[in-house]
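Hydrogens, waters and symmetry mates play no part in the numbers below; they use all other heavy atoms, side chains included. Letters go in sequence order (proteins before strands), and every chain restarts at 1. Remember, predicted model here, so these are calculated numbers, not experimental data.
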Number of protein chains: 2
Amino acid sequence: MSHLGYSCLMALDRDHVLRSAAALLTRKSTATMDEVAKAAGISRATLHRHFAGRDALVRALEQLGIAECEGALDRARPEEGSAAEAVRRLVREIQPAAGLLAFLYGENQLWEGDRQNEGWQRLDARMGALFQRGQRDGEFRIDLSPVWLTEALYGLIASCAWATLDGRVASRDFPTMIAELLLGGALRREEP
Amino acid sequence: MSHLGYSCLMALDRDHVLRSAAALLTRKSTATMDEVAKAAGISRATLHRHFAGRDALVRALEQLGIAECEGALDRARPEEGSAAEAVRRLVREIQPAAGLLAFLYGENQLWEGDRQNEGWQRLDARMGALFQRGQRDGEFRIDLSPVWLTEALYGLIASCAWATLDGRVASRDFPTMIAELLLGGALRREEP
DNA sequence: CCATCGTGAGACACAGATGTCTCACTTGGG
DNA sequence: CCCAAGTGAGACATCTGTGTCTCACGATGG
């Protein structure tokens, strides 16, 4: 096998393994390296050839999650149109990554350390900017800080992802449930 | 020491150990039994005399969390006054238990099993009933299901508890941030 | 056909946490 | 004063998951 072919196959395999691991760990966050390997259809030895260890795997999943979020943020065009519509687009774009995000959200190892991946800061900044724009345009209320709105969005995504896995929320309702609650809240709005 | 004195002291100690463990595990959910013992000011041997093992400790914390929630729900008088005010009271009453709830929320061991503590079902039912009352009274919108609103409340509590621990949200803002977001959402409301 | 390389299966040692046990100390009651 | 009971400290075995290694197999390319 040529050197080119080698790296290509490895890259494809790596991505496939990553996706499988994400899917499995979303359902069972305590899954063993053995189970992760099985789920990906490879042996534990090969899994270790891709990722030095469990920590490296989780870090790679973290990178994947960050990348998916940034992609969703890009596709949502947060600067365009009303902030509320941008939030709705963002939630819709982020749904495919919701399971992975929920797993990462519960992976305390990533947050308890003193140093955390700077990708989250970039994401927080971009989302915070979206909420800030909404406030500046008079669209969003100003008594809820952008930081808290960002935090709340993550929390709602994780909640809804878990509720969806348990069948308590229908998958097709995911974007509506999150965006409408975050934007409009539970109170009925008087028709203008 | 009399038999009466024995059981009394054990009960007091047990509660103290439970509180210490809750406080520690809120900050570091992967803390060792050794660390839990140190935090409670007792030895690992004594800790094992109170709780057969880590699993038993976590289950006891789960019971405590459920009890705290039910207490908060009782004190919030969910049947009284407007549903929105009841939600505000509930969030305020639940704040002292928020850290413990956030820990339990992230303890996958409790949720991934096929059988989970029925206390949560009781709580879900009571909270769901509160949201349902709000809908029945025309106070809450009906396109967000009570189940989802309950789920979202848990998620927001956990999010805000973690954000508070990290200093991203001030502790005194906890009730407002959660209740106002859950009830009113991010959108500005036109003055009636 | 042969050489190379990735892979799977398994053995193995290691690390960390857990559960159990013993024993000396001290504290409180009779 | 003496005894009983709880406690702390530590030793010890165990267990689970992990990380590393070897080796045989199969596929691919020259």
Quiz item: Just wondering, are more than 12 heavy atoms of other shown residues or ligands nearer than 6.0 Å to CZ in Arg188(B)?
Solution: no
Practice problem: Ignoring backbone atoms, test whether Ser43(B) places a side-chain nitrogen or oxygen under 4.0 Å from the OP1 or OP2 oxygen of dA9(D). | Solution: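 For dA9(D), OP1/OP2 do not have a side-chain N/O of Ser43(B) under 4.0 Å.
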Quiz prompt | Distance below 4.0 Å between Thr46(B) side-chain N/O and dG8(D) OP1 or OP2 | solution = yes
Quiz item: For the side chain of Arg44(A) and the base of dG10(C), is some donor closer than 3.5 Å to an acceptor across the two?
Solution: no
From [options], nucleotide with atom closest to [X] side chain:
{"X": "Thr32(B)", "options": "dT18(C), dG19(D), dG8(C)", "result": "dT18(C)"}
{"X": "Arg54(A)", "options": "dT18(D), dT18(C), dT7(C)", "result": "dT18(D)"}
{"X": "His48(A)", "options": "dT20(C), dT20(D), dC21(C)", "result": "dT20(D)"}
{"X": "Arg49(B)", "options": "dG8(C), dG8(D), dG19(D)", "result": "dG8(D)"}
{"X": "Asp13(B)", "options": "dT7(C), dT7(D), dG19(C)", "result": "dT7(D)"}

Exercise. Begin from the C-alpha positions of Glu35(A) and Lys38(A) and carry the test salt bridge (Lys or Arg N to Asp or Glu O under 4.0 Å) through to its verdict.
Key: CA-CA 5 Å; Glu35(A) 296 173 289; Lys38(A) 292 269 191 257; over 6 Å; no
Can you tell me how far [atom2] of [N] sits from [atom1] of [X], to the nearest Å?
{"X": "His16(A)", "N": "dG6(C)", "atom1": "NE2", "atom2": "P", "answer": "19 Å"}
{"X": "Phe51(B)", "N": "dT20(C)", "atom1": "CZ", "atom2": "P", "answer": "16 Å"}
{"X": "Met33(B)", "N": "dG19(C)", "atom1": "CE", "atom2": "P", "answer": "6 Å"}
{"X": "Ile42(B)", "N": "dG8(D)", "atom1": "CD1", "atom2": "C1'", "answer": "10 Å"}
{"X": "Arg14(B)", "N": "dT7(D)", "atom1": "CZ", "atom2": "P", "answer": "14 Å"}
{"X": "Lys38(A)", "N": "dG8(C)", "atom1": "NZ", "atom2": "P", "answer": "10 Å"}
{"X": "Leu57(A)", "N": "dG17(D)", "atom1": "CG", "atom2": "P", "answer": "16 Å"}
{"X": "Glu35(A)", "N": "dG17(D)", "atom1": "CD", "atom2": "P", "answer": "8 Å"}

Exercise. Could you walk me through whether Arg89(A) and Glu80(A) pass the salt bridge (Lys or Arg N to Asp or Glu O under 4.0 Å) test, one step at a time?
Key: CA-CA 10 Å; Arg89(A) 286 195 299 271; Glu80(A) 202 169 295; 5.3 Å; no
Quiz item: Will you find, in the side chains of Trp120(B) and Glu62(B), an N or O donor that is under 3.5 Å from an N or O acceptor?
Solution: yes
Quiz item: At what distance, to the nearest 0.5 angstrom, does CZ of Arg19(B) lie from CG of Asp15(B)?
Solution: 4.5 Å
